[in-house]
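Owing to the predicted nature of the structure, the values given are computational and were not obtained by experimental measurement. Below, all heavy atoms of this structure are taken into account, side chains as well, without hydrogens, waters or symmetry copies.
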Amino acid sequence: MAKNRGITIDYYEIWTYEEQEGTYKECKYDITEILKQLENISVKERTFEYNDEKIRIQEIGYHEEEKLWEIQILKSREYVKPGIADDNGKYVILDLGENKYYAESITLIYDSEKCIIGMQINHNYINRTILEKIFSRFQKNFNDTIQLRPIILLGSKKKIEEAKYCTKISIAVRNPKMQNEKYDNDTLLGQVFNATKKLKGIQCKIEIGFGRNLKKKDSLDIEEVRELLNTTDSIAGIEELQIDYKNMEESSTDKVNLIKDRLQDVITVSINKEKSISHIDIFNKMKDKYLLRVKNNMI
């Protein structure tokens, strides 16, 4: 009997830095040249180890009609090996022997015109940090810093733009560790990034609010909060940005997390014991979903 299974798709914009008059400016980054290079080398050359597990670019190709790239990545399962169980209580871990390993498939779709990549999220998925390292590894000159940034939902931003009170902000950042990089110190995020860099750190989390002393009329400077919101459009290293807000003095506080509440889709695939989920089935459904978003100006 066939069953339906939902698969989540995460979308990211790809960004990099360009040097301009001694400072760095962020801009969108097209990975087409990296994908072409991967397309023209052998599967063996597209395989490497990361944290003692193997990662391989299995399939890669360009769909001319839709102007979209199809990518399949395999990630080994060295430490989570599957086994066989029966109704009599037996369980045996499968061992494939030398030069063979279990691998999980991750399907991706890439739009070079918008510099947007969609990635299948499953149990053993590749996070965006690893995906950044994969693309960086196959650059020709190794000079570009590649970062994937979640796409913030317009509805989430609108909630803050219309809020009357803001009671707390929680920010977590991941510094890209660029030696000559500097941010504008007049902005909150600039100060956080620069402080993280000065202390030779990579990650930082701060919380600004009133704590237990919060009163009904208390609010952070709402105009500064909105300005902070606009700043996030040009900063790729933000890992979390949660804002507690309310629209009336007497109302309860709501929360919006602009990074975690990011743009996602869910596709549905049919599975049964005789037919496993294939990469091409997932890609075709991802493609249909993405093209529908493009047609309706939703991405």
Side-chain angles (χ1 to χ4, degrees), residues 5-16 26-32 35 63 66-73 106-123 125-135 146-163 169-174 176 189 225-226 228-245 254-269 279 281-299:
R5 176 184 170 185
I7 296 177
T8 300
I9 308 301
D10 265 358
Y11 293 108
Y12 300 99
E13 287 181 331
I14 304 180
W15 288 70
T16 191
E26 286 196 334
C27 58
K28 289 187 179 181
Y29 186 79
D30 182 10
I31 59 170
T32 295
L35 299 180
H63 293 243
E66 297 92 352
K67 294 182 171 29
L68 296 171
W69 282 87
E70 170 194 348
I71 308 165
Q72 181 187 25
I73 297 178
I106 299 101
T107 298
L108 300 96
I109 188 169
Y110 175 64
D111 181 347
S112 59
E113 291 184 359
K114 296 179 180 292
C115 298
I116 290 177
I117 195 162
M119 179 169 63
Q120 170 193 355
I121 304 300
N122 54 21
H123 178 71
Y125 75 101
I126 292 175
N127 61 38
R128 64 186 173 110
T129 301
I130 298 177
L131 198 55
E132 290 168 352
K133 292 182 182 298
I134 291 173
F135 294 140
I146 299 174
Q147 292 193 331
L148 274 64
R149 189 175 78 187
I151 300 174
I152 297 175
L153 296 172
L154 294 178
S156 296
K157 292 184 68 173
K158 190 174 181 180
K159 290 177 182 178
I160 306 305
E161 290 169 352
E162 296 178 348
I169 299 175
S170 301
I171 303 172
V173 299
R174 173 169 56 94
L189 289 173
V225 173
R226 290 171 183 150
L228 171 66
L229 199 64
N230 294 330
T231 307
T232 61
D233 289 339
S234 60
I235 300 292
I238 300 174
E239 295 286 292
E240 179 181 334
L241 179 54
Q242 180 172 296
I243 299 177
D244 295 16
Y245 71 97
D254 289 319
K255 302 176 188 289
V256 59
N257 192 316
L258 298 172
I259 305 301
K260 290 185 178 179
D261 299 336
R262 58 190 180 271
L263 182 65
Q264 293 180 317
D265 270 325
V266 176
I267 60 172
T268 303
V269 294
H279 155 71
D281 288 343
I282 294 174
F283 174 76
N284 285 334
K285 287 183 177 292
M286 289 173 66
K287 180 181 66 175
D288 292 343
K289 183 77 76 169
Y290 181 80
L291 291 174
L292 186 61
R293 279 194 174 275
V294 171
K295 179 181 178 181
N296 293 323
N297 296 314
M298 296 173 62
I299 196 166

Do I259 and E239 have side chains that get closer than 4.5 Å, going by heavy atoms?
no
With distance as the sole test, does R5 use its side chain to make a donor-acceptor pair with the main-chain N or O of V269 at under 3.5 Å?
no
Would you indicate whether the side-chain heavy atoms of L241 and I169 approach each other to under 4.5 Å?
yes
Is the shortest side-chain heavy-atom distance between W69 and I117 below 4.5 Å?
no
Gap between atom OH of Y245 and atom CD of E162 - 0.5 Å precision:
9.5 Å
Exactly one of I243, D261, L263 clears side-chain contact (heavy atoms from CB on, under 4.5 Å) with S156, and that residue is D261
Between the main-chain N or O of T268 and the side-chain N or O of K285, is there a donor-acceptor pair closer than 3.5 Å?
yes
Side chains of L229 and L258: closer than 4.5 Å at any heavy-atom pair?
yes
Measuring from atom CD1 of I14 to atom NZ of K114, what distance do you get when rounded to the nearest 0.5 angstrom?
14.0 Å
I'd like to check Y12 versus R262 (side-chain heavy atoms, cut-off strictly below 4.5 Å). Are they in contact?
yes
Test I71 against every option in L131, L108, I106 by the side-chain contact (heavy atoms from CB on, under 4.5 Å) rule and name the one that passes.
L108
Quick one: NZ on K133 to CZ on R128, what's the gap to the nearest 0.5 Å?
12.5 Å
Residues R293 and D265 bridged, charged N to O under 4.0 Å:
yes
Within-4.5 Å side-chain heavy-atom neighbours: I171 and L228:
yes
Side-chain ion pair, E66 and K287, N-O less than 4.0 Å:
yes
Can you measure from CG (D111) to OH (Y290) and round to the nearest 0.5 angstrom?
3.5 Å
Once you round to the nearest 0.5 Å, how far does CG of L68 lie from OG of S112?
8.0 Å
Any Y11 side-chain heavy atom under 4.5 Å of P150 side chain:
no
Working to the nearest 0.5 angstrom, can you tell me the gap between I7 CD1 and Q120 CD?
5.0 Å
E113 and K28: CA distance, side-chain angles, deciding distance, salt bridge (charged side-chain N to carboxylate O under 4.0 Å, His left out) verdict
CA-CA 10 Å; E113 291 184 359; K28 289 187 179 181; over 6 Å; no
Min side-chain heavy-atom separation Q242-K260 under 4.5 Å:
no
